[in-house]
Amino acid sequence: MVTDALAGLVEVALKAAVADGALSSESFPGPHFERPKRAEHGDWATSIALVVARGGANPRAVAAALVERLPPSDLVERVEVAGPGFLNFHLSSKWLHDVVQRAADPASGFGRSSEGSGRHVNLEYVSANPTGPMNVVSGRHAAVGDALAGLLEATGHKVTREFLINDAGRQLDLFAQSVAARYLQHFRVMAELPEDGYQGDYLIEVAEQIANEIGDGLVQSPSAEREKTLGDLALQRMLDSMKASLERFGSRFDVWFSERKMHDSGAVSAVIERLRDGGFIEERDKALWFRSSQFGDDKDRVVVRSNGATTYLTADIAYLIDKAGRGYDHLIYLWGADHHGTVPRMMAATQALGLIKEQVEIRLIQNVSLLREGVTVKASKRAGEVVALDELVDEVGSDAARYTFLTRSMDAPLEFDIELAKQEGPDNPVYYVQYAHARICSILKKAAEQGFLTGTSPLDPVGHPSEEQLMRKLSSYEETVLLAAQARAPQRLTRYLEELASSFSAYYRDCRVISEERALSQARLTLCLATKRVIADGLGLLLVSAPESM
RNA sequence: GCCCCCGUAGCUCAGGGGAUAGAGCACACGCCUCCGGAGCGUGGGGCGCAGGUUCGAAUCCUGCCGGGGGCACCA
């Protein structure tokens with residue numbers, strides 16, 4: 001990006017200033033550039049003079065000294081000292097035009113960077129229990145995970161999208177027992193759901209489908225056999241339905257990882273030996289404890305219960321070992337906020353296993369509530385108001401659902417306004433952005449019909465303030481993608497796309513694209529093309545479609 | 001009681017230690033001979049409180065207040 005070039009210029013000036021005594025020789029941090037909020041402060045600004053002046057020098061004097069020593073560059077039109085000592089860089093129109101040309105060129109890699117240097121990231125998300133349909137909370141997880149994956153790939157990472165199937169443990173036992181009870185009920189045999197069993201009506205349907213398929217042969221079987229068989233059949237059906245819901249929503253995973261296979265292979269019990277070898281296991285009250293408090297956890301944690309069963313943590317550690325052995329450079333977990341209490345023990349395990357703490361990243365996604373007709377419905381399972389992802393997609397569509405999930409920081413609870421997301425009008429941000437794209441497509445089509453060139457053309461004829469503003473907005477796409485990826489913040493991109501669409505609207509209002517002035521029309525069409533490509537690219541990273549017409 | 005997240009405009013929320021804190025909705029007032037009015041413009045209004053670090057704090061630290069979530073040999 002252009003900031004690298006600008007930083008190079010400033011470093012030359014710093015060295016020159018030290019060499020001729022204008023600055024005392026110290027080691028300076030690399031100049032940091034940021035986008036000023038106000039247009040008159042230029043395209044990029046750095047506070048390096050304020051940092052350098054920390055020793056007591058006058059920051060404005062330092063800034064002036066640096067300006068004098070900046071080497072010439074065709075990127076830079078002029079540099080001003082402003083405020084307490086900022087260096088404001090006003091870049092040349094050549095630079096701006098070059099950026100827009102790249103944005104308009106599909107082969108230029110605009111918006112892509114190599115910041116990730118090909119590092120391989122494992123991103124695990126959703127991982128919803130296969131004991132019920134996908135709900136809207138899982139939908140948020142899917143949207144956020146997919147968007148992060150796209151952003152990481154755009155910044156030069158290789159990403160493996162992974163889904164952990166919780167197909168083992170007590171919840172699955174309860175699930176199997178619940179299905180078995182529904183199966184018996186289907187054949188008019190008295191049976192009760194277990195305590196804490198799965199009450200949902202969907203299990204009645206699943207049991208009925210299975211009963212229709214395999215008949216009543218299991219009614220007479222021993223309960224253990226019946227539960228095992230029915231549990232497995234029902235699990236498979238639930239998994240298929242989850243995959244179908246996710247696919248309909250647009251999510252695709254590279255790895256579906258079975259927890260059960262990890263138990264069967266002995267990987268879970270192997271955790272105990274691994275931790276024992278490290279001296280991190282202690283027996284107390286007939287249970288085995290992992291001394292996680294050595295690594296900052298509040299207290300030690302049980303890994304094998306006194307009844308011999310392993311705990312959830314044990315499986316989590318086995319899973320961590322498995323991932324670590326697959327050669328990724330970085331692991332990201334996206335968990336629900338209700339798991340926050342388990343983060344310290346996982347990070348303790350990371351350290352006990354000798355892994356690098358910084359390579360394991362656990363992010364929590366806050367809850368979703370739905371706002372319908374002015375009433376807020378909490379989407380928690382506890383409240384019993386689970387809204388299925390399929391229903392949401394039916395009602396608002398996957399584009400609007402996905403986009404809405406991405407308008408907020410994952411740290412903040414999300415209030416999903418169903419009425420707003422459903423609107424096919426400008427109040428709905430996703431339609432506003434898609435509309436801008438469709439409108440450009442319409443203009444480009446019309447231009448082609450009238451014999452204009454469809455490729456890029458020189459931008460020299462442009463000059464209207466709205467054109468300038470649109471070009472500057474386009475130029476900030478690259479850093480937006482990079483920052484969104486680094487901060488794990490897809491909402492930066494949705495926000496940016498809304499701003500871009502807004503800038504385009506102003507441009508469209510002020511500047512007639514297709515006119516008698518041929519060269520100007522071609523330049524404006526290039527600007528349209530660049531905007532179209534950036535909108536489509538940004539939406540694409542978020543798995544939201546960019547329709548040609550609406 | 002302890003831990004995590006949040007507290008920014010009437011509402012829902014953005015804000016990478018920087019300059020005069022933003023968007024959408026809502027509200028008020030405007031704009032259609034025009035390439036898609038499914039659009040655009042103008043306006044009012046805000047960083048929970050108190051300290052601290054810093055040249056500079058909505059942002060970092062501490063305490064308090066308020067909201068949400070979590071604190072099992074459950075998952």
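All values derive from a computational prediction rather than experimental measurement. Naming: A, B, ... by sequence-line order, numbering from 1 per chain.
- Counting any heavy atom pair closer than 4.0 Å across all strands shown, A/Ala309 reaches no nucleic acid atom.
- Residues A/Thr342 and A/Arg301 have side chains that never bring a donor and an acceptor to within less than 3.5 angstrom of each other.
- The CG atom of A/Leu371 sits 11 Å away from the C1' atom of B/C25 (whole-angstrom rounding).
- Proximity of A/Ser47 to the phosphate of B/G18: no side-chain N or O atom is located under 4.0 Å from OP1 or OP2.
- Within 3.5 Å, no donor on the side chain of A/His340 pairs with an acceptor on the base of B/C5, nor the reverse.
- Checking the phosphate oxygens (OP1, OP2) of B/C31, no side-chain nitrogen or oxygen of A/Arg509 falls inside 4.0 Å.
- Note on A/Gln491: a side-chain N or O is less than 4.0 Å away from OP1 or OP2 of B/G15.
- Remark: A/Arg492 is in phosphate contact with B/G16, judged by side-chain N or O atoms under 4.0 Å from OP1 or OP2.
- Taking side-chain N and O atoms only, A/Lys37 has a distance below 4.0 Å to OP1 or OP2 of B/A19.
- Nearest-nucleotide mapping onto RNA chain B: of A/Gly425 and A/Asp510, the residue sitting toward the 5' end is A/Asp510.
- Residue contacts shown for A/Pro413 are limited to sugar-phosphate atoms, with no base heavy atom under 4.0 Å away.
- Checking B/G18, B/G41, B/C13 against every side-chain atom of A/Glu415, the shortest atom distance belongs to B/C13.
- With centres under 5.5 Å and a plane angle under 30°, the ring of A/Phe86 is stacked against the base of B/A19.
- A donor-acceptor pair under 3.5 Å is absent between the side-chain atoms of A/Gln469 and the main chain of A/Pro465, judged by distance alone.
- For B/C32, the glycosidic angle deviates from 0 by 90° or less, giving a syn base.
- Side chain of A/Ser521 to main chain of A/Ser515: a donor-acceptor pair is present (N/O by atom type, distance under 3.5 Å, no hydrogens or angles).
- Aromatic stacking is not marked for A/His339 over B/G70, as the cut-offs of 5.5 Å for the centres and 30° for the planes do not both hold.
- Note on A/Tyr432: a side-chain N or O is less than 4.0 Å away from OP1 or OP2 of B/C40.
- From A/Gln434, atom CD reaches atom CZ of A/Arg439 across 14.5 Å, with rounding to the nearest 0.5 Å.
- Mapped onto RNA chain B by nearest heavy atom, A/Val513 and A/Val302 fall at different nucleotides, with A/Val513 at the one closer to the 5' end.
- Donor-acceptor pairing under 3.5 Å, judged by distance alone, is absent between the side chain of A/Thr311 and the base of B/C73.
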Inset, instruction - May I have the step-by-step check of salt bridge (charged side-chain N to carboxylate O under 4.0 Å, His left out) for A/Lys445 and A/Glu548, ending in yes or no? - result: CA-CA 10 Å; A/Lys445 192 171 158 222; A/Glu548 307 241 321; over 6 Å; no
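- Not one side-chain nitrogen or oxygen of A/Tyr312 sits closer than 4.0 Å to the OP1 or OP2 atom of B/A72.
- Taking only distance into account, the side chain of A/Asp427 never meets the base of B/A26 through a donor-acceptor pair shorter than 3.5 Å.
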